[in-house]
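Report on the structure given below.
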Amino acid sequence: MKACAPGRVNLLGEHTDYTGGLVLPLAIDRATEVEAQRRDDGVIELLSASEAAPVRVAARRPGPGTVRWANYVLGVVAEFWDRADLRGGFTLRISGDVPVGAGLSSSASLMVACARALNELYGCGVAPMDLAQACLRAERTFAGVQCGLMDQAAAALSIPGCALFLDCRTLEHRPIRLPETAVIVLHSGVRHDLAASGYNKRVAECAGALARLPGRACLGECVPEDLAKLEGMERRRVEHVVRENARVREGAAALEQGDLAAFGRLMVASHASLRDLYEVSCPELDALVEAVRPWAWGAKMTGAGFGGAVVALAPADRMRPVAAAAQTFVCRPFLA
Ligand code: GLA
């Protein structure tokens with residue numbers, strides 16, 4: 001059997017998911033595909049079109065290994081270990097076109113595609129939100145990134161043509177149809193690596209700031225008045241989170257009204273906040289956002305930052321000069 005899961009861009013709500021905030025990702029037409037087959041020799045075999053060497057391990061409850069890409073898959077296998085009898089072994093053949101290190105969530109797409117494959121192959125009946133949460137646990141444990149739920153949820157819950165509004169605290173979510181627009185992804189050429197970047201440091205800084213806000217269970221609950229209780233770096237981080245959550249609410253309403261100009265302004269404000277308050281951008285990303293602004297409704301870095309890509313929304317007829325730039329590709333909301 002075959003399964004697949006898309007990559008994503010994030011239109012608004014950056015670095016808010018692990019603080020119990022709001023996000024608005026859009027699944028794209030680049031995906032990971034997995035072909036799965038049962039075996040009866042007690043071997044788990046992982047084959048990836050982009051990796052020379054296959055990984056073969058005995059079919060037991062896996063722990064993290066030394067091959068990085070395989071760890072994402074083994075993390076998913078560990079999540080399924082108690083849901084199905086996997087001891088006979090299986091083969092997963094993985095291929096896809098989500099670029100790695102571009103901030104388009106190649107790892108969540110890989111994990112959700114594998115989770116869907118195992119879910120089908122063994123008839124586990126795991127629901128999409130549970131699948132996303134299983135993949136999140138797998139990424140945290142096996143890849144060591146203390147990420148939030150956005151990427152896994154985007155890969156597991158998105159429906160064609162729609163962005164996904166998700167409240168990471170309550171898990172409430174709804175699709176929001178994207179008005180007619182080109183979605184442009186511009187790679188900065190700076191490859192990011194979540195595990196090695198400042199990502200976990202930001203997660204820890206937010207936890208530190210939360211500890212100074214008695215009565216708040218997560219930063220997602222914070223309101224502008226809370227900012228007065230903080231100073232310096234912690235105040236900047238929380239100010240980003242509080243204002244970014246407000247931008248997601250406003251942006252969702254703007255999309256629902258088909259107001260891409262208003263939405264674009266929120267994207268630009270989000271990027272400025274990620275650059276100045278959250279400090280996760282880099283000069284290459286800032287330059288790209290500035291470069292596309294004359295043509296676009298709006299643009300911002302997408303994903304964790306520290307390199308990776310910029311996402312821009314632009315009227316389709318205006319995107320040619322942008323798409324002519326190096327390392328740029330245009331994607332569409334994914335189709336089923
Ligand atoms: C990465 C993480 C997500 C999210 C974004 C930043 O993509 O995997 O959980 O935190 O960064 O918005």
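All ligand and atom numbering here is 1-based and tracks the order in the structure. Everything numeric in this text was worked out from a predicted model, so none of it was measured.
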Which ligand 1 atoms are under 4.0 Å away from a heavy-atom of [X]?
| X | result |
| --- | --- |
| Asp151 | 1 (C), 2 (C), 3 (C), 7 (O), 8 (O) |
| Gly148 | 9 (O) |
| Asp17 | 3 (C), 4 (C), 9 (O), 10 (O) |
| Met150 | 4 (C), 5 (C), 12 (O) |

Would you say [X] and ligand 1 have an N/O pair spaced under 3.5 Å apart?
| X | value |
| --- | --- |
| Glu14 | yes |
| Tyr18 | no |
| Arg8 | yes |
| Gly13 | no |

For this session: May I ask you to say whether Arg247 pairs ionically with Glu250, meaning some side-chain N is under 4.0 Å from a carboxylate O?
Result: no
Exercise. Between Asp276 and Arg236, is there a salt bridge with N-O shorter than 4.0 Å?
Worked result: no
Exercise. Any donor-acceptor pair under 3.5 Å linking the side chain of His15 with the backbone of Ala304?
Worked result: yes
Exercise. Does Arg249 use its side chain to pair, donor to acceptor, with the backbone of Leu22 at less than 3.5 Å?
Worked result: no
With a 3.5 Å cut-off and sequence neighbours excluded, list the donor-acceptor pairs that the side chains of residues 214-228 form with protein atoms.
from   : atom 1 : to     : atom 2 : distance (Å)
Arg216 : NE     : Asp226 : OD2    : 2.9
Arg216 : NH2    : Asp226 : OD2    : 3.2
Glu221 : OE1    : Ala217 : N      : 3.1
Asp226 : OD1    : Lys229 : NZ     : 2.9
Asp226 : OD2    : Val223 : N      : 2.9

Exercise. Under 6.0 Å from the six-membered ring centre of Phe90 and within 45° of its axis: does the NZ or CZ of Arg39 meet both?
Worked result: no
For this session: Not counting sequence neighbours, which residues clear side chain to side chain donor-acceptor pair (under 3.5 Å) with Arg137? List them please.
Result: Glu79
Problem set entry | ligand 1 contact by Ser105, heavy-atom criterion under 4.0 angstrom | no
